[in-house]
S.K.: 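Sharing a structure below in structure tokens format, with a few things to ask.
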Amino acid sequence: MKDVHWSLRSPRFLEWFPSSARWKVFVKYWRARYMLHHGASDLYMRHFKARTVRLFRPIHIAKSTSCEIHILTSRKDAELAMWAIYSWFALGKRHDALCIHDDGTLSELDCSTLCYLFPGSRLITKREADDVASVHLTSFPHILSLRKDNKLAMKLIDVRLFATTSRVVLLDSDAFTFGDMGDLENLCVGNSNAFMADCQFAFSLTKEGFAKLNALTSYIPINSGFGYIHKDSINLPAIESILEVAPEIRTQDYWTEQTLYALLSSDYGIKLLGPEFRVARGAGLDGIRLKHYVSMTRGFAYVEGIPRLNTLIRSCMS
């Protein structure tokens with residue numbers, strides 16, 4: 001597929017859509033065009049081919065390591081998460097520990113399949129996580145409230161509660177690995193937290209809000225679909241303070257966790273990873289090591305990502 005870049009929410013692009021109503025019209029148009037060109041492939045991949053990952057050979061996960069992957073997933077994204085994790089180990093050639101977080105919707109079959117595919121990993125159910133949170137977050141009412149109201153907040157809070165290593169890899173269910181990641185530590189040398197570069201400032205707080213919190217240096221367009229961070233940068237007292245001082249941060253649920261990651265990185269610094277770590281704005285895998293199929297481009301995870309992963313994984317595992 002030709003590499004197409006969609007800066008769908010850049011300020012320049014949005015000049016053409018000054019109202020939310022016009023934006024919604026564009027979204028409907030874009031999705032209709034996608035289904036016109038890829039609808040049949042999308043349905044086949046989504047409902048048939050994507051499931052083949054459940055039959056793959058298990059990958060044994062290291063128990064003791066200097067780095068641990070944390071991935072939050074759901075029933076809807078369980079198979080995508082399996083492809084994301086499998087590609088990380090098989091194609092990324094990594095030997096990290098693995099912690100899978102259930103958002104409360106995973107079925108028993110999903111859980112058993114994840115444990116079968118990745119023996120040695122930890123799978124934290126929502127009930128287990130809630131029990132731990134209720135004990136450790138009693139002094140942080142704002143954090144408890146955020147975690148209760150926003151499942152995506154588990155990508156931040158539960159990582160802090162359950163991480164067993166000083167360095168943590170954040171991985172979304174729709175972030176696929178296509179190349180060797182063995183040099184990740186060299187790419188992220190130093191004390192900075194490293195993230196993918198987003199095509200927009202996807203925050204639920206304005207630039208002025210960052211300045212008010214003395215975190216203007218971290219107003220950088222990060223995407224936390226993939227990150228390599230210090231566990232200690234997830235400072236619970238700091239999060240509680242931020243939520244108290246800037247409650248507006250909770251107005252856009254899908255960006256709150258990412259905004260907090262940026263704010264919390266102000267004391268550590270932020271390194272943006274290169275273009276080979278790409279937030280999807282369309283099709284194209286030339287020169288890509290990891291691609292995050294986010295938002296409107298999620299469909300390309302099925303019609304582009306899974307077919308390529310299937311070919312690469314079967315080749316390297318044969």
Side-chain angles (χ1 to χ4, degrees), residues 53 56-73 77-102 106 110-111 113-125 128-129 154-196 222-234 257 261 265 268 271 273-274 276-278 288-292 305 309 312-313 316-317:
V53 69
F56 280 11
R57 183 191 312 167
I59 293 178
H60 291 271
I61 305 302
K63 288 287 188 180
S64 179
T65 178
S66 60
C67 186
E68 185 175 53
I69 304 169
H70 285 259
I71 180 168
L72 171 70
T73 193
D77 292 338
E79 282 161 359
L80 285 180
M82 293 173 197
W83 284 101
I85 298 170
Y86 212 95
S87 65
W88 176 262
F89 288 105
L91 301 179
K93 301 178 181 177
R94 298 288 303 183
H95 303 282
D96 307 298
L98 172 63
C99 184
I100 304 167
H101 300 266
D102 166 27
L106 286 179
D110 295 329
C111 293
T113 303
L114 285 163
C115 291
Y116 164 76
L117 284 175
F118 311 110
S121 63
R122 291 188 296 152
L123 195 153
I124 311 296
T125 66
E128 291 176 275
M154 294 173 65
K155 289 173 56 180
L156 174 83
I157 299 164
D158 288 29
V159 170
R160 184 64 181 89
L161 294 177
F162 290 97
T164 59
T165 57
S166 60
R167 279 282 199 170
V168 172
V169 169
L170 308 174
L171 188 69
D172 273 8
S173 297
D174 51 3
F176 294 170
T177 305
F178 296 96
D180 193 331
M181 301 292 292
D183 63 345
L184 178 63
E185 286 79 5
N186 295 331
L187 290 173
C188 305
V189 66
N191 292 321
S192 298
N193 284 341
F195 299 96
M196 305 178 75
I222 70 167
N223 183 284
S224 60
F226 174 74
Y228 184 68
I229 68 163
H230 292 274
K231 180 183 74 172
D232 289 343
S233 67
I234 309 175
E257 159 264 332
Y261 264 122
S265 298
Y268 287 77
K271 174 182 174 63
L273 297 170
E276 67 271 26
F277 298 84
R278 181 171 296 173
I288 299 299
R289 295 169 68 179
L290 186 142
K291 190 169 183 178
H292 185 198
L309 289 183
L312 293 174
I313 289 172
C316 76
M317 299 294 282

S.K.: Under 3.5 Å, which donor-acceptor pairs do the side chains of residues 156-163 form with other protein atoms, sequence neighbours left out?
M.R.:
{"from": "D158", "atom 1": "OD1", "to": "R147", "atom 2": "NE", "distance (Å)": "2.8"}
{"from": "D158", "atom 1": "OD2", "to": "R147", "atom 2": "NH2", "distance (Å)": "3.0"}
{"from": "R160", "atom 1": "NE", "to": "I234", "atom 2": "O", "distance (Å)": "3.0"}

S.K.: Using salt bridge (Lys or Arg N to Asp or Glu O under 4.0 Å) as the criterion, list what pairs up with R94, not counting sequence neighbours.
M.R.: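 Expected list: D96, E185.
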S.K.: Shortest non-hydrogen contact from A90 to I313?
M.R.: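 Heavy-atom minimum between the residues: CB-CG1, 4.4 Å.
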S.K.: Indicate, with yes or no, if the rings of Y86 and F56 have centres closer together than 6.0 Å.
M.R.: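 Y86 vs F56: aromatic centres under 6.0 Å.
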S.K.: The criterion is salt bridge (Lys or Arg N to Asp or Glu O under 4.0 Å); which residues satisfy it with E276, sequence neighbours excluded?
M.R.: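 With neighbours one apart ignored, the set is R289.
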S.K.: Does the gap between the ring centers of W88 and F178 come in under 6.0 Å?
M.R.: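 Distance test on ring centres: not under 6.0 Å, no.
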S.K.: Quick one: OG on S121 to NZ on K63, what's the gap to the nearest 0.5 Å?
M.R.: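 With rounding to 0.5 Å, OG (S121) is 8.0 Å from NZ (K63).
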S.K.: Assess the residue pair E68 and K231 against the criterion (salt bridge (Lys or Arg N to Asp or Glu O under 4.0 Å)); give the C-alpha distance rounded to whole Å, side-chain angles, the decisive distance to 0.1 Å, and a yes or no.
M.R.: CA-CA 10 Å; E68 185 175 53; K231 180 183 74 172; over 6 Å; no
S.K.: Give me the one residue out of L72, L290, L98 that meets side chain to side chain contact (heavy atoms under 4.5 Å, CB included) with L171.
M.R.: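 Filter result, single survivor: L290.
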S.K.: Examine distances only and state if a side-chain atom of N193 and a backbone atom of H230 form a donor-acceptor pair shorter than 3.5 Å.
M.R.: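 Side chain of N193 to backbone of H230, a donor-acceptor pair under 3.5 Å: yes, one is there.
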S.K.: If we ignore hydrogens and angles and just use 3.5 Å, is the side chain of T165 paired with the main-chain N or O of R167 as donor and acceptor?
M.R.: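 Such a contact is found between T165 side chain and R167 backbone.
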S.K.: Who passes side chain to side chain contact (heavy atoms under 4.5 Å, CB included) against C111, sequence neighbours left out?
M.R.: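 Partners of C111 under the side chain to side chain contact (heavy atoms under 4.5 Å, CB included) test: L106, L123.
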S.K.: Any donor-acceptor pair under 3.5 Å linking the side-chain atoms of S265 with those of S233?
M.R.: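 Checked: S233/S265 side chains show no N/O donor-acceptor pair below 3.5 Å.
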S.K.: At their closest point, which heavy atom of I288 faces which heavy atom of K291, and how far apart are they?
M.R.: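 So the two residues come closest at CG2-CB, 3.8 Å.
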S.K.: Can you name the salt bridge (Lys or Arg N to Asp or Glu O under 4.0 Å) partners of D172, sequence neighbours left out?
M.R.: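 Only K155 meet the salt bridge (Lys or Arg N to Asp or Glu O under 4.0 Å) criterion with D172.
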S.K.: What orientation do F89 and F118 show, parallel under 30°, tilted 30 to 60°, or perpendicular over 60°?
M.R.: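 It falls in the tilted class, 30° to 60°.
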S.K.: Where is the tightest heavy-atom contact between D102 and M154, given as atom of each residue plus distance?
M.R.: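 For D102 versus M154, the nearest heavy atoms are O-CE, 3.5 Å.
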S.K.: With rounding to the nearest 0.5 angstrom, report the CZ to OG1 distance, F277 to T177.
M.R.: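 Those atoms lie 8.5 Å apart.
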S.K.: Is a side-chain N or O of Y228 found less than 3.5 angstrom from the main chain of L170, in a donor-acceptor match?
M.R.: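 Not a single qualifying donor-acceptor pair exists.
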S.K.: Sequence neighbours left out, what passes salt bridge (Lys or Arg N to Asp or Glu O under 4.0 Å) with D77? Give chain and number order.
M.R.: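 Residues passing salt bridge (Lys or Arg N to Asp or Glu O under 4.0 Å) with D77: R298.
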S.K.: Write down the atom of A81, the atom of I71, and the distance for their closest heavy-atom approach.
M.R.: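 Nearest heavy atoms, A81 then I71: CB-CD1, 4.1 Å.
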S.K.: From K93 NZ over to M181 CE, what is the distance, rounded to the nearest 0.5 angstrom?
M.R.: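 K93 NZ to M181 CE: 13.0 Å, rounded to 0.5 Å.
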S.K.: Taking all non-hydrogen atoms of both residues into account, name the closest pair between Y261 and S224 and its distance.
M.R.: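 Closest pair (atom of Y261, atom of S224, distance): CD1-CB, 4.1 Å.
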S.K.: Mind listing the closest non-hydrogen atom pair of A84 and A175 along with its distance?
M.R.: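 It is CB-O, 3.3 Å.
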